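One is the number of the first residue; the rest follow in order along the sequence. These numbers were taken from a predicted model, which means no experiment stands behind them.
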Amino acid sequence: MRIQDEQLKRFILDAGLITKADISAAEKIAKEEDRTLSEALVAHGHMTEDDIRRVESYVLGIPFVSLKNMKIDFETLTLIPEPVARNHNIIAYKKTNETLEVAMLDTADLPAIDFIKKKVELRIQPRLTDTDSMRFALRQYQKTLKDEFGDLIMKDASELKILSEDGDEVSEHALKKMAEDLPVVRIVDTLLRHAIIQGASDIHIEPMEEEVLVRYRIDGILNDAMKLPKIAADSIVARLKVLSALKLDQKRLPQDGRFKMEMDGQKVAFRVSMLPVFYGEKVVMRLLRENRSGFSLEGIGFHGTTLDRIHRATRATTGIILVTGPTGSGKSTSLYTILDIVNTPEVNISTIEDPIEYQMVRVNQSQVKPEIGFTFAAGLRSLMRQDPDIIMVGEIRDEETASLAINAALTGHLVLATLHTNSAAGTIARLVDMGAEAFLLVSTLRVAVGQRLVRKLSADRLSYTLTKAERDEIGKKVNLDHVLKTLKEEGIVKADATWNDIPFYHPKERGETEDGYKGRMGIHEVLEMSPTIKDMVMQGKTGDEIEAQAKKEGMLTMIEDGIFKAAQGLTSIEEVLRVVSE
């Protein structure tokens with residue numbers, strides 16, 4: 001329910017909030033611009049959005065609540081998942097056995113209320129709030145593990161038993177019993193759940209001389225999350241070994257395992273790696289969100305010419321599409337997104353991966369097992385007998401796999417694969433180094449995609465424009481004229497814009513988030529095999545010479561794509577320069 005223009009006008013005049021002349025002017029503007037009176041009052045500076053909300057609260061009889069400095073119970077807050085809370089500006093702040101009070105900026109957002117009603121099965125009581133309250137409440141999703149669960153974890157840790165104080169071996173039975181103790185079950189469950197809430201990609205559990213350090217990798221940056229007493233180390237490791245079906249009494253050799261858990265309807269797979277270190281066993285867990293679908297190339301950062309080149313390559317029925325970059329640069333996400341695009345009922349898709357990160361419907365996915373001889377090369381050889389149309393190879397690591405991938409492309413298959421190099425142009429030199437024949441490579445390679453991940457700026461960022469000195473400094477690494485031309489071609493800036501007209505942004509620390517960033521996105525370069533580049537490969541030209549030609553043919557390099565996205569306000573220049581080293 002929204003307040004009517006006449007009601008709003010009457011209340012404002014009765015309360016003396018603004019003059020009659022200002023109301024008349026706003027009414028005229030509202031009519032001319034086809035807006036509501038409240039929109040016109042806000043747009044032309046007579047009232048703020050929060051002023052309007054307070055008036056609506058009074059006129060409609062909806063209670064107004066201020067959340068500033070209110071400490072919301074974390075369990076109540078997370079009844080609404082953070083993405084929903086941010087997208088719809090809605091906060092769960094007070095819960096009883098029958099009701100849930102939610103603070104909103106727009107109480108007429110009925111789809112959000114219906115979604116929450118179905119999720120929590122409580123009576124929803126909407127309340128109006130202001131922007132500052134919403135910002136303060138949303139920040140509470142970012143509380144640290146220590147802030148939220150420190151006391152609980154330390155209490156549980158104090159109840160853990162020491163099974164061996166003199167360094168003697170502990171039996172498997174005793175270790176299993178230790179892993180099933182309620183305190184350690186609660187500790188591990190809390191560590192895992194908070195990592196999911198925080199959007200972590202990895203969890204590190206590191207034994208040290210006096211304590212156990214827990215760290216989360218969030219948006220590519222490793223952060224300390226919690227320090228636990230040394231007594232907790234063996235119990236936590238034993239618990240994770242039980243979950244991952246690993247050998248409890250094997251402490252001298254590395255072990256790898258996997259387990260799954262579900263939270264708020266989200267399935268997460270944990271890929272577990274155990275490594276013996278000086279003070280015990282270090283555990284690293286990679287979090288893989290399952291049931292991820294609906295990714296689009298645009299959604300992960302492709303645009304303009306880079307997007308067109310990928311689409312052209314996916315429309316081909318033969319050839320190789322290579323995605324390259326270091327570990328953790330989003331290569332798998334790009335490949336799975338391309339697979340999602342080409343995954344139609346008319347084609348048979350088979351993959352050979354290490355590991356299988358996301359499970360996809362109608363895709364036959366195989367996991368390599370080198371210890372029994374099932375390598376990428378062996379798997380690829382077997383896939384060729386499975387009548388595939390499209391093949392995905394998790395990684396080309398050696399000459400044999402490279403040769404088989406090229407032969408698969410030559411014999412009528414579309415091959416998707418990853419490679420570890422620093423740039424798109426470097427993939428060609430790397431494949432030649434592996435023993436790939438240049439004449440076969442130019443016949444099969446469609447595009448090589450180089451990529452990195454950069455952190456995205458939070459909404460409350462700090463605006464500035466580049467000085468001439470800053471442009472000159474950045475111009476040593478980036479062709480700013482090419483970036484500006486691309487911004488104009490894609491309609492991001494006006495046709496007559498200069499760098500003086502384009503705002504850039506710094507992160508605002510301790511604002512909406514602690515460091516001013518939230519989430520990540522890709523920056524890319526897509527090298528297409530043009531006739532000229534094919535000739536250069538046949539002549540044995542270097543990666544630098546091939547990259548220079550690709551730039552002449554319009555390729556936006558990774559660092560240029562980063563500046564392009566910084567000009568859109570999506571990330572910062574300093575973040576791009578941190579991630580891309582020239």
Side-chain angles (χ1 to χ4, degrees), residues 145 149 152-196 200-217 222 225-263 267-288 354-357 367-375:
L145 181 66
F149 302 110
L152 170 69
I153 288 176
M154 295 307 282
K155 178 177 179 297
D156 284 337
S158 68
E159 295 173 14
L160 296 175
K161 303 179 184 74
I162 301 176
L163 290 193
S164 175
E165 294 186 0
D166 54 9
D168 292 340
E169 290 294 319
V170 180
S171 72
E172 186 171 0
H173 175 73
L175 285 166
K176 190 167 185 182
K177 193 175 175 206
M178 175 198 288
E180 291 169 355
D181 271 0
L182 188 59
V184 74
V185 170
R186 282 201 301 247
I187 289 173
V188 171
D189 191 59
T190 302
L191 295 177
L192 300 179
R193 286 179 179 278
H194 197 75
I196 295 170
S201 62
D202 301 84
I203 306 171
H204 291 236
I205 300 173
E206 305 172 23
M208 299 192 293
E209 186 175 9
E210 302 290 339
E211 58 197 6
V212 179
L213 177 63
V214 179
R215 299 199 283 172
Y216 292 158
R217 189 177 294 280
L222 208 51
M226 185 81 190
K227 286 179 182 174
L228 297 168
K230 179 71 175 171
I231 185 180
D234 288 345
S235 300
I236 289 172
V237 170
R239 177 65 188 159
L240 291 169
K241 283 181 178 178
V242 167
L243 290 173
S244 311
L246 300 177
K247 293 179 181 176
L248 284 164
D249 55 350
Q250 178 58 273
K251 296 186 176 184
R252 295 180 224 177
L253 290 173
Q255 294 191 76
D256 294 320
R258 193 178 178 112
F259 67 91
K260 295 181 183 181
M261 71 181 290
E262 189 168 340
M263 178 178 166
K267 290 182 180 176
V268 181
F270 292 81
R271 198 172 78 214
V272 182
S273 171
M274 304 250 175
L275 181 72
V277 293
F278 189 76
Y279 290 112
E281 290 177 273
K282 179 182 174 181
V283 184
V284 175
M285 290 176 278
R286 168 66 54 90
L287 280 69
L288 303 167
D354 182 23
I356 297 170
E357 296 197 9
Q367 163 85 48
V368 300
K369 290 186 173 64
E371 65 273 15
I372 58 171
F374 188 38
T375 60

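Using a 4.0 Å cut-off between a side-chain N of Lys or Arg and a carboxylate O of Asp or Glu, Lys251 and Glu281 do not qualify as a salt bridge.
Formation of a donor-acceptor pair under 3.5 Å by the Glu211 side chain with backbone atoms of Pro229 is not found in this model. The backbone N or O of Lys241 sits nowhere less than 3.5 Å from a side-chain atom of Lys247 that would complete a donor-acceptor pair.
Glu210 contributes atom CD, which lies 11.5 Å from atom NZ of Lys227 (distance to the nearest 0.5 angstrom). Remark: Gln250 CD to Leu253 CG distance equals 4.5 Å, nearest 0.5 Å. Rounding to the nearest 0.5 Å gives a distance of 5.5 Å between CE of Met274 and CG of Leu246. Taken from CG in Asp189 to CZ in Arg239, the straight-line distance is 8.5 Å, to the nearest 0.5 Å. Expressed to the nearest 0.5 Å, how far OG of Ser273 lies from CG of Asp202 amounts to 10.5 Å. Residue Ser244 holds its OG atom at 8.0 Å from CE of Met285, rounded to the nearest 0.5 Å.
In this structure, the side chains of Lys369 and Asp354 stay at 4.5 Å or more apart for every pair of heavy atoms. Residues Leu213 and Ile205 have side chains not in contact (no heavy-atom distance under 4.5 Å, counting atoms from C-beta outward). Side-chain contact between Val214 and His204 is absent, with no heavy-atom pair separated by less than 4.5 Å. Put simply, the side chain of Leu243 reaches to within 4.5 Å of the side chain of Val188, judged on heavy atoms. Side-chain contact between Arg258 and Leu288: present, with at least one pair of heavy atoms (C-beta onward) separated by less than 4.5 Å. Considering only heavy atoms from C-beta on, Tyr216 comes within 4.5 Å of His194 through its side chain. Looking at Pro254 and Pro276, their side chains come closer than 4.5 Å, going by heavy atoms from C-beta outward.
The side-chain contact (heavy atoms from CB on, under 4.5 Å) with Lys267 is formed by just one residue from the set Met261, Lys260, Glu262; it is Glu262. In summary, of the residues considered (Val272, Leu192, Leu191), a side-chain contact (heavy atoms from CB on, under 4.5 Å) with Ile203 occurs for Leu192 alone.
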*Take Glu209 and Lys230 through the salt bridge (charged side-chain N to carboxylate O under 4.0 Å, His left out) test and state the conclusion after the steps.*
CA-CA 8 Å; Glu209 186 175 9; Lys230 179 71 175 171; over 6 Å; no

*Stepwise, does the side chain to side chain contact (heavy atoms under 4.5 Å, CB included) test hold for Ile236 with Ile187?*
CA-CA 8 Å; Ile236 289 172; Ile187 289 173; 4.1 Å; yes

_Test side chain to side chain contact (heavy atoms under 4.5 Å, CB included) applied to Val268 and Phe259, step by step_ = CA-CA 9 Å; Val268 181; Phe259 67 91; over 6 Å; no

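Looking at every heavy atom in both residues, Arg271 comes nearest to Pro355 through NH1-CG, 2.9 Å. Summarising the geometry of Leu248 relative to Ala238, their closest heavy-atom pair is CD2-O, 3.5 Å, with the distance given to 0.1 Å. Across Pro207 and Val277, no two heavy atoms sit closer than the pair CG-CG2, 3.8 Å. The two residues Met226 and Leu228 come nearest to each other via the heavy atoms CG-CD2, 4.0 Å.
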